[in-house]
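Proteins get letters first, then strands, A, B, ... in listed order; numbering begins at 1 in each.
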Amino acid sequence: AQKVTQAQTEISVVEKEDVTLDCVYETRDTTYYLFWYKQPPSGELVFLIRRNSFDEQNEISGRYSWNFQKSTSSFNFTITASQVVDSAVYFCALIAGGSEKLVFGKGTKLTVNP
Amino acid sequence: GAVVSQHPSRVICKSGTSVKIECRSLDFQATTMFWYRQFPKKSLMLMATSNEGSKATYEQGVEKDKFLINHASLTLSTLTVTSAHPEDSSFYICSAPKTANYYEQYFGPGTRLTVT
């Protein structure tokens, strides 16, 4: 069975601070995909990144960066110099093997205060 | 990127009535669509997989007779909440894979249902 754990329920930071959101996943499949989504108060899910299990390279996109480590089954997300607009709930998700189903973590609510 | 729409975005209905939510893929065909439910401050929970031309596949614990799913065409799936109760109030989100690769899913903007 697949499982995604986001141990941080809520995080509060002050603007310009760096913040890391943790994600630990479980799967027995060797082929899988990991995702991060942002859900602002409006509710719409915003796709941030997809990573497959064969690509362990870290990724940077502007202020966002992702650290994928298979050795620890983690796919952590860092926001550098956070901004108020980053305030949202962030979900880590997994789809594994031949499954068609996305498994979501419980989400981390990030609040960036001015 | 691909676009998935949902209608309505918000709906308020009275207990005992039924409400239909539509999920459309606007620029691609989707033989499969997924319906999720999200309670306040909770994660997304998969309710069912909608299959064009065949019956939907429901997740354990989801009442088939209460949440009717119809995938009438390659671009439209509908979720009907029948005999709605206040506990059905939730945020419903659909998604659709653009290709046979299920890891490439596109989400609709969601429908907020309030049952009074």
Nearest heavy-atom neighbours spanning Phe91(B) and Gly43(A): CE2-O, 3.3 Å

Counting heavy-atom pairs closer than 4.5 Å to chain A, which one of Met45(B), Gln105(B), Gln6(B) comes out on top?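 Of the options given, most contacts go to Gln105(B).
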
Part of Thr49(B) within contact of chain A (heavy atom distance under 4.5 Å):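 Side chain only.
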
Do [X] and [Y] belong to the same hydrophobic cluster, where Ile, Leu, Val, Met, Phe, Trp and Tyr are linked whenever their side-chain heavy atoms lie under 4.5 Å apart, directly or via other members?
X        : Y        : result
Tyr58(B) : Val81(B) : yes
Phe67(B) : Met33(B) : no
Tyr90(A) : Leu34(A) : yes
Leu79(B) : Val4(B)  : no
Leu74(B) : Trp35(B) : no

I'd like to know which of Phe35(A), Phe47(A), Tyr33(A), Phe91(A) tops the heavy-atom pair count under 4.5 Å against chain B. Tyr33(A)

With only heavy atoms counted, which part of Thr9(A) is less than 4.5 Å from chain B, the side chain, the backbone, both or neither? neither

[X] atom [atom1], neighbour heavy-atom count above 12 within 6.0 Å:
X        : atom1 : result
Arg63(A) : CZ    : yes
Lys66(B) : NZ    : yes
Glu87(B) : CD    : yes
Lys16(A) : NZ    : no

Leu44(B) side, atom CG; Gln39(A) side, atom CD - distance, nearest 0.5 Å: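 Rounded to the nearest 0.5 Å, the CG-CD separation comes to 6.0 Å.
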
Drop me the distance from Gln38(B)'s CD to Leu45(A)'s CG, to the nearest 0.5 angstrom. 7.0 Å

Please confirm whether Tyr37(A) and Phe107(B) have ring centers closer than 6.0 angstrom. yes

Going by residue number, which parts of residues 100-114 of chain A are within reach of chain B, meaning a heavy-atom gap below 4.5 Å? Glu100(A), Lys101(A), Leu102(A), Phe104(A), Gly105(A), Lys106(A)

Going by side-chain hydrogen bond (donor to acceptor under 3.5 Å, both in side chains), name the residues that satisfy it together with Ser50(B), two or more places apart in sequence or in a different chain.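 Per chain and number, Ser50(B) pairs via side-chain hydrogen bond (donor to acceptor under 3.5 Å, both in side chains) with His71(B), Ser77(B).
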
